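A quick write-up on the structure given underneath.
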Protein chains: 2
Amino acid sequence: MNELKERIAAAAHELFTEHGPEGVSMRKIAQQVGVTAPAIYRHYKDKGELLDGIINDGLEKLQSRLAPALEAATPLERLRRMGDAYLDFAIEQPTFFDYAFMTPKRSSGSISEELQRHDRRIFRHAIEQVTHCIHDGTFGPSDPIEVAIRVWSTVHGLITLFRTGRLGLGDDQFRETYRRTVDQMLADLRPRND
Amino acid sequence: MNELKERIAAAAHELFTEHGPEGVSMRKIAQQVGVTAPAIYRHYKDKGELLDGIINDGLEKLQSRLAPALEAATPLERLRRMGDAYLDFAIEQPTFFDYAFMTPKRSSGSISEELQRHDRRIFRHAIEQVTHCIHDGTFGPSDPIEVAIRVWSTVHGLITLFRTGRLGLGDDQFRETYRRTVDQMLADLRPRND
DNA sequence: GTCTATAGGTGGATAGAC
DNA sequence: GTCTATCCACCTATAGAC
């Protein structure tokens, strides 16, 4: 019925994806849809409502990538797949990744609460899998939280170095580097003999 | 002689530090200095010249932190101190760190060449120290570049997770977590018996 | 439901008086 | 060297005609 509303959302999404949050303006959306700016206000209360929609879509996509990771057989495999999901998301939705996970918190609480909830849940899952890995002897005895932070930092660090262009690699080259680096890190968490 | 020019630079610096790059405008600088906006153009060609000054100052500060790290006795200690310097810089110049190291590269080459040069030099030093660590038996046999990427990712990942508020820690708490995590990672790079 | 017109705000930068 | 006045571009959002 209300196809204009959807076309507005799609245009907003496209502007966000291609030019970042600063690239989204009511005028540009309107121009892309083929109406004037005030017409948008018949369908959306204000700009914030449009941006909220974009954020929700992004979080849903991330969620849909992460969920299957937790179905894997072993805790180590679940951990690995979570990292893969995080990587896939960063490569498929780069602008959203940058905006959601690379934007400083700034004094005024700019980070959305929705996002924060998702974030804590991911971390909680990671700690859980690490705990299992320690108990079943896949990893050596350590503090699960500390190990989870280490795993998360490495994965997140790799991806942000890549996203800021500091590794000088293309998508495919980076995927290989990511794979090798994460596997080696996980291997080094095995119990030691000395 | 030209103290107004310095006061303009100082005001620009302060606005940048407190409100980020978006918070710097000719009008606000002028207001803070106590003149009108056009007066600034007698001292600076345009806004870009002002921002360049801020970037140069920041890179100089980072450089002054990193240089002493390379004077340490062992390659492992040099590596550790480089990480510490990076952390100190992120905590002391948070806005600059965010802008320089957490901003996505975007299609149009927005990352300054100066910055890129510094970056590559840091990475080159890291690879060098890692190579020494492998040769003198501090680390097990591995590809130096890969290990350097791992070390750098962990350090960078920890700091960016902290800077985006996702670890939920204050400066001092984070310093402890950082210390423990990095030390443990370096320890796990020792040669293995199995 | 969309339009025009407009209010009221941000910003960078220049011309010409003083 | 600084001022006022101004131009231009951009933005969000509303009022009221159609």
Side-chain angles (χ1 to χ4, degrees), chain A residues 1-57 95-96 98-99 103-104 106-112, chain B residues 1-57 95-96 98-99 103-104 106-112:
Chain A
M1 306 193 177
N2 215 343
E3 67 166 47
L4 179 56
K5 180 162 183 172
E6 282 159 32
R7 287 202 296 138
I8 290 170
H13 219 101
E14 191 185 326
L15 285 167
F16 175 84
T17 300
E18 287 182 9
H19 309 290
E22 326 274 66
V24 182
S25 83
M26 303 307 259
R27 286 166 148 88
K28 284 180 194 157
I29 294 168
Q31 191 183 7
Q32 205 156 54
V33 171
V35 295
T36 57
I40 297 173
Y41 290 86
R42 285 286 145 192
H43 305 277
Y44 292 91
K45 182 180 159 287
D46 57 15
K47 192 182 175 180
E49 196 175 312
L50 269 164
L51 291 178
D52 285 349
I54 293 175
I55 288 176
N56 280 340
D57 287 356
T95 312
F96 187 85
D98 296 343
Y99 183 55
T103 302
R106 283 271 176 283
S107 41
S108 55
S110 70
I111 199 170
S112 114
Chain B
M1 297 195 186
N2 216 342
E3 66 165 48
L4 179 55
K5 181 162 183 171
E6 282 160 31
R7 287 203 296 138
I8 290 170
H13 219 101
E14 192 185 326
L15 285 167
F16 175 84
T17 300
E18 288 183 8
H19 308 291
E22 326 274 65
V24 182
S25 83
M26 303 307 260
R27 288 170 150 90
K28 283 182 194 155
I29 294 169
Q31 191 183 9
Q32 204 158 54
V33 171
V35 294
T36 57
I40 297 173
Y41 291 86
R42 284 288 143 191
H43 304 276
Y44 290 92
K45 183 179 158 290
D46 56 15
K47 191 182 173 180
E49 198 176 309
L50 269 163
L51 291 177
D52 285 350
I54 293 176
I55 289 176
N56 280 341
D57 287 355
T95 311
F96 187 85
D98 297 343
Y99 183 56
T103 302
R106 282 270 177 282
S107 40
S108 55
S110 71
I111 201 169
S112 112

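Bear in mind that the values here come from a model prediction, so they are computed numbers and not experimental data. In what follows, every chain begins at residue 1, and chains take the letters A, B, ... in the order their sequences are listed.
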Next item on the list: Taking the side chain as every heavy atom from C-beta outward, state whether A/Leu50 and A/Val24 have any atom pair closer than 4.5 Å.
Entry: no

Would you mind classifying the nucleic acid contact of [X] as base, sugar-phosphate or nothing, using non-hydrogen atoms under 4.0 angstrom?
X       : answer
A/Lys28 : sugar-phosphate
A/Ser25 : sugar-phosphate
B/Val24 : sugar-phosphate

Check: Would one find a side-chain N or O of A/Thr36 under 4.0 angstrom from OP1 or OP2 of C/dT2?
Finding: no

Atom pair distance, as rounded to whole Å: [atom1] in [X] and [atom2] in [N]:
X       : N      : atom1 : atom2 : answer
B/Arg27 : D/dA5  : CZ    : C1'   : 12 Å
A/Leu4  : C/dC3  : CG    : P     : 9 Å
A/Gln31 : C/dC3  : CD    : P     : 13 Å
A/Ile29 : D/dC10 : CD1   : P     : 16 Å
A/Lys5  : C/dT2  : NZ    : C1'   : 17 Å

With rounding to the nearest 0.5 angstrom, report the [atom1] to [atom2] distance, [X] to [Y].
X       : Y       : atom1 : atom2 : answer
B/Ile29 : B/Arg7  : CD1   : CZ    : 13.0 Å
A/Gln31 : A/Thr36 : CD    : OG1   : 11.5 Å
B/Met26 : B/Ile40 : CE    : CD1   : 4.5 Å
B/Leu15 : B/Glu22 : CG    : CD    : 13.0 Å
B/His13 : B/Leu51 : NE2   : CG    : 11.0 Å

Next item on the list: Please report the shortest heavy-atom distance between A/Tyr44 and A/Ile8, naming the atom on each side.
Entry: CE1-CG2, 3.7 Å

Next item on the list: Fill in the dot-bracket string of DNA chain C, one character per base: . for unpaired, | for a pair to another strand, ( ) or [ ] for pairs within the strand, taking Watson-Crick or G-U pairs under 3.5 Å.
Entry: ||||||||||||||||||

Item checked: side-chain contact (heavy atoms from CB on, under 4.5 Å) between B/Thr103 and B/Asp98, worked out -> CA-CA 7 Å; B/Thr103 302; B/Asp98 297 343; over 6 Å; no

Next item on the list: Please work out which residues in residues 39-55 of chain B have a non-hydrogen atom less than 4.0 Å from an atom of DNA chain D and list them by number.
Entry: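 By residue number: B/Ala39, B/Arg42, B/His43.
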
Check: Within a radius of less than 6.0 Å around CD of A/Glu49, do more than 12 heavy atoms belonging to other residues, nucleotides or ligands occur?
Finding: yes

